[in-house]
Amino acid sequence: GAGVSQSPSNKVTEKGKDVELRCDPISGHTALYWYRQRLGQGLEFLIYFQGNSAPDKSGLPSDRFSAERTGESVSTLTIQRTQQEDSAVYLCASSLTRGGAYEQYFGPGTRLTVT
Amino acid sequence: ELKVEQNPLFLSMQEGKNYTIYCNYSTTSDRLYWYRQDPGKSLESLFVLLSNGAVKQEGRLMASLDTKARLSTLHITAAVHDLSATYFCAVDLYNFNKFYFGSGTKLNVKP
């Protein structure tokens, strides 16, 4: 079946512009996660959704970052007024339930470059 | 905040050799995950360990979990070049629904 998909795969933007990243989870997966991975580093947890609710947004790096999810479907991560330090790969993952005993399935990521 | 430490961060080994990657974490959790990431690719789930003493094996990789020691190991037996990748461990805090990843261990198996 179809896995987690993300778009765009690559995004180059100028400093100060807004960007929107999209994630389509595996159908039926109620939980959805966003991570940031800087070059050569581990994953930084940003936010998770259970359905369309995001109980904990404390992982978002600043108020320039926001995320939404439509039901148990697509999610968008928006970064406003991008800065060079926002350059990273943004990974989305989904699972059958939050946390729990269910493993996360990762999408291919969106590579964001802020010039 | 939960901290997850992996060591070594870099590992270069010859084909046919055995080695172990260690994953320590700072707060009680009984759920530990191992992932593999190939260069330029996303993460692939390898193992999900859900209880103290859990051991899982797939091919040349074996993962174990000791929740009392807050330690998980990923053992590589008779390494082959195809195992070259970066390996991440991750721990989740169920009550807080956050996943914490280690920095990763970059494994290079020389043919």
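Fair warning: this is a prediction, and the values are worked out from it, not measured in the lab. Every chain is numbered from 1 and lettered A, B, ... according to where its sequence line falls, protein lines coming before strand lines.
- Ranked by heavy-atom pairs under 4.5 Å with chain A, the list B:G102, B:G104, B:S45 is led by B:S45.
- The distance from atom CG of B:L2 to atom CZ of A:F45, rounded to the nearest 0.5 Å, is 12.5 Å.
- Residue A:V74 is not grouped with residue A:Y33 when hydrophobic side chains (ILVMFWY) are merged at heavy-atom distances under 4.5 angstrom, including chains of intermediate members.
- Cluster annotation: B:M62 is not connected to B:V80 through the hydrophobic network of ILVMFWY side chains, with a link wherever side-chain heavy atoms come within less than 4.5 Å.
- In the hydrophobic clustering of this structure, B:V55 does not group with B:L65; members are Ile, Leu, Val, Met, Phe, Trp, Tyr whose side-chain heavy atoms approach within less than 4.5 Å, directly or through other members.
- At a 4.5 Å heavy-atom cutoff, the contact between B:Y35 and chain A is made by side-chain atoms alone.
- Neither the backbone nor the side chain of B:Q6 comes within contact range of chain A; no heavy atom of the residue lies under 4.5 Å from a heavy atom of that chain.
- Taking a 6.0 Å sphere around CD of B:Q57, one finds it holds more than 12 heavy atoms contributed by other residues, nucleotides or ligands.
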Next item on the list: Given ring pair (Phe, Tyr, Trp, His ring centres under 6.0 Å), test B:F99 with A:Y35 step by step and report yes or no.
Entry: CA-CA 10 Å; B:F99 282 74; A:Y35 296 89; 7.0 Å; no
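- B:S42 places a side-chain N or O within donor-acceptor distance of the main-chain N or O of A:G107, the cut-off being under 3.5 Å.
- Your options are A:R111, A:Q6, A:Q37, A:Q41, and the one with the most heavy-atom pairs under 4.5 Å with chain B is A:Q37.
- Taking hydrophobic clusters as Ile, Leu, Val, Met, Phe, Trp and Tyr residues chained together by side-chain heavy-atom distances below 4.5 Å, B:F101 does not share a cluster with B:Y22.
- Linking ILVMFWY residues whenever their side-chain heavy atoms come closer than 4.5 Å, directly or via other members, leaves A:L77 and A:Y105 in distinct clusters.
- At a 4.5 Å heavy-atom cutoff, the contact between A:L43 and chain B is made by backbone and side-chain atoms alike.
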